[in-house]
Amino acid sequence: LVPEVEGKPVLVPGKVGQGLQVGPTYGVLKCPSAGVLRPDAGTVEMWVKAVDWDSSDPKFHVFFDTRGQGVLYLYEYFNTDRLLMLSGPDVAGPLSNSQITTTFKPGEWHHIAGTCSPQGVMAYFDGKPAAAMPIPGQLPSKVGDFFLIGDEPWQFPRENSSVIDEVRIYDRALSPAHISAHAAG
């Protein structure tokens, strides 16, 4: 299954080799979920470099998004410096999220990750988990046919961008030690 390119993301120097510059003026990748995502357990992790924004940016930065009979998102929330891993059985809720403070600055690479499992959801920033245990909540009953990798603004007009590199998706929730090791290189 081959990802579709929406817009015009461009290859630029990445954390390791080439990265993909994404955002409203560049675009995103739309990837088929079949055989990749499970609604009951998984991990998404990637390296992100803010090109022209920082953690105080008052707009959404959505790095991973899938919607089916429920939702899974990994994103920086608007008007905060918080990275969230969010899940729920419906877009309208109830929604569960794990939040961790970020320190994005233009030109700096940061490792972000989110996990979901029957135990709940967990967000990670630079290998550090948001809490000692996942935040309990409901998961989607079915993931969407596609998931997006990029830097979407959702409802707010925005022109800034990010570079994303080394995206990894697993069919299980990785342990905090595993994610910390990936963040350490």
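Bear in mind the structure is a predicted one, so any value in this text is a computation, not a measurement.
- Checked by atom type and distance alone, the side chain of Thr43 pairs as donor or acceptor with a backbone atom of Arg172 at under 3.5 Å.
- The closest side-chain heavy-atom distance from Gln119 to Pro134 is below 4.5 Å.
- In this structure, His111 and His182 have perpendicular ring planes: the angle between them is above 60°, well past the 30° mark.
- In this structure, Phe156 and Phe78 have tilted ring planes: the angle between them lies in the 30° to 60° band.
- Of all heavy-atom pairs between Pro129 and Met122, the closest is CB-SD, 4.0 Å.
- In this structure, the side chains of Leu74 and Leu84 stay at 4.5 Å or more apart for every pair of heavy atoms.
- Atoms CD and CG, from Glu108 and Asp126 in turn, are 9.0 Å apart once rounded to the nearest 0.5 Å.
- Seen from the ring of Tyr26, Lys8 does not count as a face-on cation partner, given the 6.0 Å and 45° thresholds.
- Distance check, rounded to the nearest 0.5 Å: CZ of Arg82 to OG1 of Thr101 gives 3.5 Å.
- Under the 6.0 Å cut-off for aromatic ring centres, Tyr75 and Phe63 do not qualify, their centroids lying 6.0 Å or more apart.
- In this structure, His178 and Tyr170 have tilted ring planes: the angle between them lies in the 30° to 60° band.
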Trace of the side-chain contact (heavy atoms from CB on, under 4.5 Å) decision for Phe146 with Arg67 | CA-CA 8 Å; Phe146 293 91; Arg67 302 171 196 206; over 6 Å; no
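- Rounding to the nearest 0.5 Å places CZ of Phe60 at 8.5 Å from CG of Asn79.
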With side-chain contact (heavy atoms from CB on, under 4.5 Å) as the test, would you mind laying out the steps for Ile149 and Val28 before giving the verdict?
-> CA-CA 6 Å; Ile149 297 289; Val28 297; over 6 Å; no
Please test Gln21 against Val10 for side-chain contact (heavy atoms from CB on, under 4.5 Å), starting from the C-alpha separation and ending with a verdict.
-> CA-CA 5 Å; Gln21 189 162 357; Val10 296; 3.8 Å; yes
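- Connection of Ile100 to Ile112 is established within a shared hydrophobic cluster, with ILVMFWY side chains joined at heavy-atom distances below 4.5 Å, either directly or through further cluster members.
- Atom CD of residue Glu6 and atom CD of residue Glu152 lie 7.5 Å apart, to the nearest 0.5 angstrom.
- Val44 and Ile179 end up in different hydrophobic clusters when Ile, Leu, Val, Met, Phe, Trp and Tyr side chains are linked at under 4.5 Å.
- The nearest pair of heavy atoms linking Gly7 to Val5 is O-CG1, 3.6 Å.
- Ser87 pairs in a side-chain contact (heavy atoms from CB on, under 4.5 Å) with only one of the listed residues (Pro94, Pro39, Ser96), which is Ser96.
- Between atom OG of residue Ser33 and atom CD1 of residue Ile169 there is a gap of 8.0 Å, rounded to the nearest 0.5 Å.
- A distance-only check finds a donor-acceptor pair linking the side chain of Asp52 to the backbone of Ser161 [under 3.5 Å].
- Proximity of Lys59 to Pro153: side-chain heavy atoms (C-beta onward) are nowhere separated by under 4.5 Å.
- In terms of hydrophobic clustering, with Ile, Leu, Val, Met, Phe, Trp and Tyr side chains grouped at heavy-atom distances under 4.5 Å, Val36 and Leu72 are assigned to a common cluster.
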Let me see the working for Thr66 and Leu37 under side-chain contact (heavy atoms from CB on, under 4.5 Å), right down to the final yes or no.
-> CA-CA 9 Å; Thr66 188; Leu37 294 182; 4.0 Å; yes
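- A heavy-atom distance below 4.5 Å is not found between the side chains of Leu148 and Phe64.
- Minimum interatomic distance between Pro9 and Gly27 (heavy atoms only, all atoms of both residues): CD-CA, 4.1 Å.
- Looking at every heavy atom in both residues, Asp54 comes nearest to Ser56 through OD1-OG, 2.5 Å.
- Remark: side-chain polar atoms of Ser117 are not paired, donor with acceptor, to backbone N or O of Ala41 under 3.5 angstrom.
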Give the intermediate values and the outcome of salt bridge (Lys or Arg N to Asp or Glu O under 4.0 Å) for residues Asp40 and Arg38.
-> CA-CA 6 Å; Asp40 62 331; Arg38 292 175 37 190; 2.8 Å; yes
Side chain to side chain donor-acceptor pair (under 3.5 Å) between Thr25 and Glu159: does it pass, once the steps are laid out?
-> CA-CA 6 Å; Thr25 58; Glu159 293 185 5; over 6 Å; no
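- Ion pairing between a basic and an acidic side chain is recognised when a charged N comes within 4.0 Å of a carboxylate O; Asp165 and Lys49 show no such pairing.
- Linking ILVMFWY side-chain heavy atoms closer than 4.5 Å, directly or via other members, places Leu83 and Val167 in a single hydrophobic cluster.
- The distance from atom OH of Tyr124 to atom CD of Glu45, rounded to the nearest 0.5 Å, is 10.0 Å.
- Across Ser162 and Ala50, no two heavy atoms sit closer than the pair OG-CA, 4.3 Å.
- Contact of the Val51 side chain with the Val163 side chain is registered, since non-hydrogen atoms from C-beta on lie closer than 4.5 Å.
- Val121 has its side chain out of reach of Thr115: every pair of non-hydrogen atoms, C-beta onward, lies at least 4.5 Å apart.
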Derivation and outcome, side chain to side chain donor-acceptor pair (under 3.5 Å), residues Thr102 and Ser55 | CA-CA 6 Å; Thr102 65; Ser55 290; 2.8 Å; yes
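- In this structure, Asp81 and Phe104 have side chains that are not in contact, with every pair of non-hydrogen atoms separated by 4.5 Å or more.
- A donor-acceptor pair under 3.5 Å is absent between the side-chain atoms of Ser98 and the main chain of Ala131, judged by distance alone.
- Cluster membership for Val62 and Val91, using ILVMFWY side-chain heavy atoms within less than 4.5 angstrom, is shared.
- Using cut-offs of 30° and 60° on the angle between ring planes, the pair Tyr73 and Trp154 is perpendicular.
- Val16 places a side-chain heavy atom less than 4.5 Å from the side chain of Glu166.
- When ring centroids are compared, His61 and Trp53 come within the 6.0 Å threshold.
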